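One structure is given here, and the rest of the page talks about it.
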Amino acid sequence: MSEVAPATKKPSSTTSIEKIADGGYGEELLSTDLVSESELKRIQRKIDLRIMPWICLTYMFMRLNVNTVGNIAIINAEQKHDIKTQLHLSPSQWAWVISCFYYTYMGIEPFSTLMMKNTSPSFWISRIMVSWGIVACCGAAVQNYAGLITIRTLLGAAEGGFFPCILYYLAFWFRPEEITLRICFMLACSTFSGIISGFISYGVAFADGHGHLAGWRWLFIIEGLPPIVLGLLTLFILPDYPDSKATAKFLTEQERHIIKERLYDGAPEKTSATWNTRQAIDVLWNPTFWSFAGIWVGNALGNPTPSFVLPTVIFELGFTNSNISNVLTVPTSVAIFLTLVTCAIMVRKDIWNPFCVAFILQIINLICCVILMTVKQPIVRYVFILIARSASNTVVNILWPSRVAALKGTTAVGLGIALSNVLSNIDGLIGPLIFSTVYGPSYHVSYSICAGILTVGIISIAVTGALVGRPVFRPLQALNSSHVE
């Protein structure tokens, strides 16, 4: 099997100085080879200040919405005003309520990601947010199992594509190795959604019965309104592409030229066709697609702490009530933030090999599964749930830049990102069955299954590292000569 070469710099279209016409006036554009490191950092800082805060904010609310179903599952359970009691849902029906979201969410992602390129990032990301906000608010009106399934299915269709669109969007602005810290920072910021969600759920529980609405209905409304507002603002705030004069006015002509010309060879381009059949075939033909797939699926299904059942698992430990159980999801979010930021910084500075980090984190996950299978003390189990959650949520996220670097071409990058994200969400289809409440409160069977799947994921990390030229067991210093800064 052939190796995938590290991302190489896109050949500059200039040798020293290129002259172009801009509004009838000649403007000299420096070759990207002549741009100093300090000047490049200044330009990238300018871009970061414009797009990263908004991306982080909107993604945080996206995760808040995805995780809502976990909080809703137990809110006001002691008073029998919870959603399962009021809608008369069995454990198997609740598993389908969780899963049905992912069928449409995963199914629409490839189409949605490529549609961003076919329209514009500001429009398409705005469309996604407004759509999911409206559907989420409608969740407050459901009266039965059929209505809840309908809302969850529509919510998956509305929300599908948001994360891969963000990754695809950043690939138009940055080289893969530069995406590492930015993506991990965005994902780390999204952990605050767990903190916010936990406290909102705690507060909303006390609103139960106000306005003749149950607490879980209020939660649908409260967490559905912000995406509508943020989505409308996205149309005016988010710039589309580096070379888009209409929306990237905060950059000079020189700065737009530098950003576009220094992207890696094979980076997506605004002017390229949205669909290229040859590139699509190459994505599936490349052996790294299947090895990365093993990592993504292994981490998704081997994750011993999936977010959609986390509040229920903590609640069933037996040392607290449903309200406090939602709050106890907050420390897990803090742990994810610290782990993700630390690993991202070390990987970006070439101190740690990302595949080695992912390999070690999955070993830790495997150990946590064994302990959760054998230990019965609630507090000890909670501590290892916290450790496992921080590890599993870091593995795939620090490997995303390597996944992007292995893709060449506008269609390949968009399709590859979308398909990879589909695989990373497969836990939404099978996870509710693995962590069905019939296996609680010990979830011994669930953790046994996770341990077996994690083993496959660990092997996949080692294979993929070898394919892309970053072997798990090779010292990072030996790789630096071939690594692109």
Side-chain angles (χ1 to χ4, degrees), residues 46-69 101 104-105 108-109 111-142 150-173 182-183 185-187 189-190 192-197 200 204 213 217-242 244-251 270 274 414 418 421:
K46 196 174 180 180
I47 297 170
D48 285 338
L49 289 174
R50 178 59 188 271
I51 68 176
M52 289 309 298
W54 194 251
I55 285 176
C56 291
L57 179 66
T58 54
Y59 185 68
M60 182 184 72
F61 275 95
M62 180 265 192
R63 294 309 308 172
L64 183 71
N65 191 266
V66 170
N67 295 334
T68 295
V69 68
F101 169 90
T104 49
Y105 181 84
I108 205 170
E109 281 203 325
F111 167 78
S112 182
T113 306
L114 294 174
M115 276 300 295
M116 187 201 79
K117 167 67 173 58
N118 203 44
T119 55
S120 70
S122 58
F123 170 78
W124 194 250
I125 292 173
S126 172
R127 194 283 307 164
I128 292 174
M129 296 184 68
V130 172
S131 299
W132 101 54
I134 292 172
V135 175
C137 288
C138 291
V142 299
T150 301
I151 286 295
R152 290 283 295 167
T153 302
L154 290 175
L155 188 61
E159 204 165 309
F162 186 84
F163 179 70
C165 277
I166 293 297
L167 271 180
Y168 193 27
Y169 172 71
L170 290 177
F172 284 90
W173 292 84
R182 290 169 175 86
I183 282 295
F185 181 74
M186 181 191 81
L187 293 165
C189 288
S190 75
F192 287 106
S193 67
I195 297 173
I196 295 170
S197 181
I200 288 178
V204 168
L213 294 177
R217 295 185 188 274
W218 279 115
L219 196 57
F220 269 123
I221 296 171
I222 291 171
E223 296 191 358
L225 290 176
I228 299 175
V229 177
L230 293 175
L232 293 173
L233 291 175
T234 297
L235 274 173
F236 306 98
I237 293 176
L238 193 68
D240 290 324
Y241 303 104
S244 176
K245 295 182 180 180
T247 61
K249 294 178 180 178
F250 67 101
L251 296 175
K270 174 188 174 183
T274 301
N421 200 59

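In this text the structure is predicted, and so the values were computed from the model without any measurement.
Separating the CG atom in L230 from the CG atom in L238 is a distance of 12.0 Å, to the nearest 0.5 Å. Taken from CD1 in I166 to CE in M186, the straight-line distance is 6.5 Å, to the nearest 0.5 Å. In this structure, I125 CD1 and W54 CH2 are separated by 12.0 Å, a value rounded to the nearest 0.5 Å. The CD1 atom of I55 sits 11.0 Å away from atom SG of C165, with the distance rounded to the nearest 0.5 Å. Here OG1 of T234 is found 12.5 Å from CZ of R127. Values are rounded to the nearest 0.5 Å. Rounded to the nearest 0.5 Å, atoms CG (L233) and OG (S122) are 12.5 Å apart.
T153 places no side-chain N or O within donor-acceptor distance of the main-chain N or O of F101, the cut-off being under 3.5 Å. With hydrogens and angles ignored, the 3.5 Å screen pairs no side-chain donor or acceptor of S131 with any backbone N or O of A158. With hydrogens and angles disregarded, no donor-acceptor distance shorter than 3.5 Å links the side chain of K46 to the backbone of L251. The closest donor-acceptor contact from the side chain of R50 to the backbone of I237 lies under 3.5 Å.
Shown here are the salt bridge (charged side-chain N to carboxylate O under 4.0 Å, His left out) partners of R217, two or more places apart in sequence or in another chain: there are none. Judged as a ring pair (Phe, Tyr, Trp, His ring centres under 6.0 Å), and not counting sequence neighbours, F61 has no contacts. Remark: D240 pairs with no residue by the salt bridge (charged side-chain N to carboxylate O under 4.0 Å, His left out) rule, at least two apart or across chains. Judged as a side chain to side chain donor-acceptor pair (under 3.5 Å), and not counting sequence neighbours, the contacts of S112 are W124. Under the rule for a ring pair (Phe, Tyr, Trp, His ring centres under 6.0 Å), the partners of W132 that lie at least two apart in sequence or sit in another chain are F162.
The two residues A418 and P164 have their closest heavy-atom pair at CA-CB, 4.0 Å. In this structure, A140 and F220 approach most closely via the heavy-atom pair N-CB, 3.7 Å. The two residues S126 and G231 come nearest to each other via the heavy atoms OG-O, 2.6 Å. Of all the heavy atoms in I108 and G156, the pair that sits closest is CG2-O, 4.3 Å. Of all heavy-atom pairs between I51 and P239, the closest is CG2-CG, 3.4 Å.
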Worksheet entry | Candidate pair L170 and M52, rule side-chain contact (heavy atoms from CB on, under 4.5 Å), full reasoning | CA-CA 10 Å; L170 290 177; M52 289 309 298; 4.2 Å; yes

Fill in: Full working for side-chain contact (heavy atoms from CB on, under 4.5 Å) between I47 and F250
CA-CA 8 Å; I47 297 170; F250 67 101; 4.2 Å; yes

For residues 113-120, dump all side-chain donor-acceptor pairs below 3.5 Å to protein atoms at least two apart in sequence or in another chain.
{"from": "T113", "atom 1": "OG1", "to": "E109", "atom 2": "O", "distance (Å)": "2.7"}
{"from": "K117", "atom 1": "NZ", "to": "K270", "atom 2": "O", "distance (Å)": "3.1"}
{"from": "K117", "atom 1": "NZ", "to": "S272", "atom 2": "O", "distance (Å)": "2.6"}
{"from": "T119", "atom 1": "OG1", "to": "M115", "atom 2": "O", "distance (Å)": "2.8"}
{"from": "S120", "atom 1": "OG", "to": "F123", "atom 2": "N", "distance (Å)": "3.3"}

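Among the candidates V135, V229, L232, the single residue satisfying the side-chain contact (heavy atoms from CB on, under 4.5 Å) test with V130 is L232.
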